[in-house]
2 protein chains.
Amino acid sequence: MDVRAQILTQATRLFADQGYDGTSVQEIAEAVGIRKPSLLYHFKSKDELRENVLAEMLAHWNAVLPGLLLKASTEERFDATMEALSEFFIEDPDRARLFLRETLDRPEQMRAMLAQFVQPWVELLGDQLERAKEQGLVQRDVDPQAYAVEVITMAVAGTAVIDSLQVILPDDPARGSTRKRHTSELIRIARSSLYTKSEGEK
Amino acid sequence: MDVRAQILTQATRLFADQGYDGTSVQEIAEAVGIRKPSLLYHFKSKDELRENVLAEMLAHWNAVLPGLLLKASTEERFDATMEALSEFFIEDPDRARLFLRETLDRPEQMRAMLAQFVQPWVELLGDQLERAKEQGLVQRDVDPQAYAVEVITMAVAGTAVIDSLQVILPDDPARGSTRKRHTSELIRIARSSLYTKSEGEK
DNA sequence: CCTACCGATCGGTAGG
DNA sequence: CCTACCGATCGGTAGG
């Protein structure tokens with residue numbers, strides 16, 4: 001792995017762990033095994049590094065998420081999609097925490113990002129839910145866009161804070177690990193608050 | 001208002017806005033209208049100030065939340081409780097953002113806090129849901145503790161990031177403001193994924 | 001509650 | 001990719 005990629009990897013991890021302001025350039029350089037001025041040769045400033053970390057995260061999401069969401073729309077397999085979506089965040093909690101942190105730290109910038117990358121998919125999902133409502137498959141009082149936003153919030157935030165929840169949501173022999181319980185209940189809530197009963201029951 | 005209270009108010013606002021590491025003692029002192037050493041006379045260190053800000057937030061929650069949750073259990077008015085819970089966070093988004101930030105920044109410490117202040121209520125709510133399940137009022141596949149955690153996560157995180165969501169969830173003449181749409185859908189999801197259908201329908 | 005000041009660390013640059 | 005160094009700001013203290 002070349003140095004640039006190593007810098008991005010360590011920066012992602014440290015920004016997710018400690019936040020942008022809580023992480024020094026020095027600390028990232030040490031994690032990579034180089035000196036601070038060497039890092040600043042690859043990325044001209046700490047801010048430029050942050051932008052590259054975010055761009056990489058977005059690129060990864062754009063490569064994977066469309067497939068998940070299209071699967072949902074074409075196959076009407078909402079369960080499988082929700083499970084994939086949840087596992088997509090669980091698989092790399094750093095990304096979920098980074099996303100949440102940036103939304104808190106730079107709401108203005110995140111607004112622009114959401115408009116560009118998330119809104120089209122929420123819109124598309126909204127249209128499909130609207131049609132499913134007309135066919136009686138989906139509960140009539142659903143607000144499709146708001147529903148999508150709440151479910152995504154639950155998936156992202158739930159993943160970001162999962163490690164703090166072990167006290168409240170301990171591993172359970174009958175129900176599985178903390179993560180499993182979180183994922184299962186997230187999916188159950190999302191499904192059971194969406195479909196009409198005849199469709200929602202197994 | 002005495003100086004100590006002013007310091008706590010401004011520190012709460014700035015920590016919620018910019019995070020602990022993103023806020024300097026100097027900045028808080030300026031917001032209050034005093035010099036930095038004067039602030040450090042009232043709170044011996046920045047860390048002690050942070051602890052006091054958190055303690056004040058917890059005190060406020062402990063004074064208000066038990067009433068909300070007891071109302072839910074005794075009156076079985078889940079809707080009203082969820083609405084009150086959501087409005088409790090919406091009313092002061094600073095507290096929701098601060099809570100989320102601390103969970104990200106100091107997960108270890110937050111684990112202890114959750115164990116002390118949140119777990120008892122989740123346990124109590126869990127027991128009541130368990131009994132309601134036996135009576136057939138609540139869907140049989142609900143994981144009560146996990147359900148409580150997901151709904152609280154949705155309420156806190158949703159409130160904390162609401163301002164960034166206006167692009168995705170715009171004001172709508174038929175559905176109301178962004179906040180209204182968030183609150184309504186949150187309550188709808190929570191209710192409709194909990195009760196059995198005969199009970200859940202209006 | 002203030003002025004004056006401390007060492008440590010910050011992001012970043014010069015120059016090789 | 002390094003050594004050497006910069007001014008600015010950080011949290012905190014002395015002393016009144």
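Keep in mind that what you see is a predicted model, and the values were worked out from it rather than measured.
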Item to check | Shortest side-chain distance from A:His42, nucleotide among D:dC10, C:dC2, D:dC1 | outcome: D:dC1
Item to check | Six-ring centre of B:Tyr20, B:Arg106 cation under 6.0 angstrom, axis tolerance 45° | outcome: yes
Item to check | Candidate nucleotides D:dG12, C:dT13, C:dC1, ranked by approach to the side chain of B:Val3 - the nearest | outcome: C:dC1
Checklist entry - Atom CG of B:Asp47 to atom C1' of D:dC10: distance rounded to whole Å? => result 15 Å
Checklist entry - Is it the case that B:Arg97 places NZ or CZ above or below the six-membered ring of B:Phe89, under 6.0 angstrom from the centre and within 45 degrees of the axis? => result no
Checklist entry - Going by atom types alone, do A:Gln10 and A:Glu27 pair a side-chain donor with an acceptor below 3.5 Å? => result no
Checklist entry - Nearest-Å distance, CD (A:Glu30) to C1' (C:dT9)? => result 12 Å
Checklist entry - How close or far is atom C1' of C:dC10 from atom CG of A:Leu39, stated in whole angstroms? => result 14 Å
Checklist entry - Side-chain donor or acceptor of A:Lys36 under 3.5 Å from a matching atom on the base of C:dG11? => result yes
Checklist entry - Can you tell me how far CG of A:Leu40 sits from CD of A:Glu48, rounded to the nearest 0.5 angstrom? => result 10.0 Å
Checklist entry - Which whole-number value in Å describes the distance from A:Ile28 CD1 to C:dG12 P? => result 11 Å
Next on the checklist: What's the separation between atom CD1 in A:Ile187 and atom CD in A:Glu83, rounded to the nearest 0.5 Å?
Outcome noted: 4.0 Å
Item to check | Gap between atoms OH and P, on B:Tyr41 and D:dA14 respectively (whole Å) | outcome: 16 Å
Item to check | Any-strand Watson-Crick or G-U partner of D:dG15, both distances under 3.5 Å | outcome: C:dC2
Checklist entry - Between D:dG11 and B:Ser45, is there an OP1 or OP2 to side-chain N/O distance shorter than 4.0 Å? => result no
Checklist entry - Below 3.5 Å, does any donor atom in the side chain of B:Lys44 face an acceptor in the base of D:dG12, or the other way round? => result no
Item to check | Minimum-distance nucleotide (side-chain atoms of A:Ile34 versus D:dC2, C:dG12, D:dT13) | outcome: D:dC2
Checklist entry - Considering only side-chain heavy atoms of B:Leu40, which listed nucleotide, C:dC2, D:dG12, C:dG12, is closest? => result D:dG12
Checklist outcome for this item: Between NZ of A:Lys46 and C1' of C:dT9 the distance, given in whole Å, is 12 Å
Checklist entry - Just how far, in rounded Å, is C1' of D:dC1 from CD1 of A:Ile7? => result 11 Å
Item to check | Among D:dC1, D:dA14, C:dT13, the one nearest B:Pro37 by side-chain distance | outcome: D:dA14
Next on the checklist: Expressed as a whole number of angstroms, how long is the span from A:Glu27:CD to C:dC10:P?
Outcome noted: 8 Å
